[in-house]
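Notes for the one structure printed next.
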There are 2 protein chains.
Amino acid sequence: MKASLLLQTALRHFAQHGYEGASLQEIAQDVGIKKPSIYAHYRGKDDLFLTAMTHALATQKIHLATYFISTRHLSLEESLKGFFDWFLEESTQNDQLKFILRIAYFPPVKLEREVTDLINPFFDSMQRHLTRLLRERDRQEQILYSDDYESAALAYLTVTEGTMTEFVFNGVEAYQRRFTAVWPIFWRGLVR
Amino acid sequence: MKASLLLQTALRHFAQHGYEGASLQEIAQDVGIKKPSIYAHYRGKDDLFLTAMTHALATQKIHLATYFISTRHLSLEESLKGFFDWFLEESTQNDQLKFILRIAYFPPVKLEREVTDLINPFFDSMQRHLTRLLRERDRQEQILYSDDYESAALAYLTVTEGTMTEFVFNGVEAYQRRFTAVWPIFWRGLVR
DNA sequence: TGTTAACTAACGACCGTTAGGAAGGTGACG
DNA sequence: CGTCACCTTCCTAACGGTCGTTAGTTAACA
């Protein structure tokens with residue numbers, strides 16, 4: 001039980017201060033134990049970090065997949081656009097996303113290989129899922145301008161990344177400003 | 001002379017390891033001096049960091065402005081699209097951009113205020129310049145679908161950010177894949 | 001002569017980590 | 001049922017190492 005609280009606290013610290021900036025001292029203090037007690041649960045800082053990462057990736061993967069499954073009955077536009085609103089409501093898991101974004105862009109140098117080996121499959125899988133979703137939906141709706149679904153998926157990912165990042169780091173208002181600016185243009189470029 | 005080499009080396013280290021992860025020891029060694037010699041040029045780590053940041057922002061601001069001035073004679077599409085190619089060629093200054101992106105998203109906690117006070121005006125100014133450029137060009141060309149130039153600028157920024165980030169962190173191929181995917185869709189959504 | 005930029009030596013603080021032990025719970029066995 | 005061994009989880013104390021920083025000195029140069 002303490003182990004998962006420890007993991008969740010560590011993730012928050014890693015997200016906020018980065019690998020090098022996070023201190024086991026402060027993490028332990030936040031959990032309410034002493035620093036050496038961490039070693040009863042994890043082999044060390046690296047182990048704590050990589051475990052937090054594995055856990056965050058697995059959780060987020062399920063979390064994202066769940067949304068697109070739950071909106072099977074909606075139109076493609078409603079599903080794609082609704083993802084932004086849904087994401088906003090689910091912002092409890094901000095720490096995990098911030099953590100993932102941070103280590104994806106700026107992995108700790110000494111764990112670079114381990115990080116990219118875990119991160120790349122995550123993003124690849126997201127892109128594949130999205131491509132498949134676009135293809136299947138377009139077969140029914142015949143709504144998209146081009147049948148290059150892979151490019152459409154990549155473009156959608158670029159837009160979501162850009163706006164989500166804005167949300168995670170600059171707050172709701174900046175996010176909504178950016179989303180209402182970019183979505184109409186993007187969608188207009190996407191459909192017939 | 002050593003002072004500017006020091007600055008440039010420090011920037012590279014900050015970009016790669018972050019504020020907390022960068023070590024004065026290693027920076028000095030990279031320059032070819034001993035650690036305490038840094039204090040002959042800067043008051044300390046904070047001063048080194050903030051000076052590097054101020055310098056990088058000023059340089060990049062001029063650098064970006066120069067492009068859009070130099071393409072006054074081109075069409076709006078050529079100017080906006082050409083920016084991506086131009087940026088790719090100018091990739092010498094990658095360190096500066098990587099540094100700026102890193103500290104914009106993940107500022108060192110203890111210098112958070114100083115960083116945002118310098119970063120926000122930078123991005124605001126970019127957006128204002130872009131909005132003005134779009135308005136002036138559209139007055140001549142009458143090409144854009146909407147006259148909401150601020151939204152268009154914000155959308156363009158989202159797309160550039162998304163693809164540039166991809167370039168800085170995942171290399172040229174990932175960048176070009178993403179750009180060729182997103183640009184046609186974006187431009188189609190933008191024009192009449 | 002004063003200034004600049006380098007050096008060596010050393011400071012206290014914090015880092016991640018290890019050793020060793022105390023408290024509490026769990027399960028096996030007589 | 002009692003008890004003994006074991007494991008888990010926490011603790012205190014301390015380790016070697018690195019961190020940013022300061023003091024004090026020296027050589028070069030204006």
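Below, each value reflects all heavy atoms present in this structure, side chains not excepted, and no hydrogens, waters or symmetry copies. Labels below follow one simple rule: chain letters A, B, ... track the order of the sequence lines, proteins then strands, and each chain is numbered from 1.
Side-chain N/O atoms of A:His41 include none lying less than 4.0 angstrom from OP1 or OP2 on D:dT8.
The nearest whole Å value for the distance from the CG atom in A:Leu6 to the C1' atom in D:dT8 is 15 Å. At whole-Å resolution of the value, OH in A:Tyr42 and P in D:dC10 are 11 Å apart.
Not a single ring-ring contact (aromatic ring centres under 6.0 Å, His included) links B:Tyr149 to another residue, sequence neighbours left out. Listed by chain and number, the residues in a side-chain contact (heavy atoms from CB on, under 4.5 Å) with A:Ala174 are A:Glu166, A:Asn170, A:Arg177 (sequence neighbours excluded). The ring-ring contact (aromatic ring centres under 6.0 Å, His included) check on A:Tyr145 picks up nothing, with sequence neighbours excluded. Every ring-ring contact (aromatic ring centres under 6.0 Å, His included) that B:Phe106 has, sequence neighbours left out, goes to A:Phe106, A:Phe169.
For A:Glu78 and A:Ser75, the side-chain atoms include at least one donor-acceptor pair closer than 3.5 Å.
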What donor-acceptor contacts under 3.5 angstrom involve side-chain atoms of residues 119-127 of chain B, with partners at least two apart or in another chain?
none

Residues 6-16 of chain B side chain polar contacts: donor-acceptor under 3.5 Å, at least two apart:
{"from": "B:Thr9", "atom 1": "OG1", "to": "B:Leu5", "atom 2": "O", "distance (Å)": "2.7"}
{"from": "B:Arg12", "atom 1": "NH2", "to": "B:Asp30", "atom 2": "OD2", "distance (Å)": "2.7"}
{"from": "B:His13", "atom 1": "NE2", "to": "B:Asp30", "atom 2": "OD2", "distance (Å)": "3.0"}

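In the 5' to 3' direction, nucleotides of DNA chain C lying under 4.0 Å from heavy atoms of chain B begin and end at C:dA5 to C:dA9.
For residues 28-48 of chain A, the set of pairs meeting the ring pair (Phe, Tyr, Trp, His ring centres under 6.0 Å) definition, not counting sequence neighbours, is empty.
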What string of B, S and - do you get for nucleotides 12-21 of chain D 5' to 3' if you count protein non-hydrogen atoms under 4.0 Å? BB-----SBB
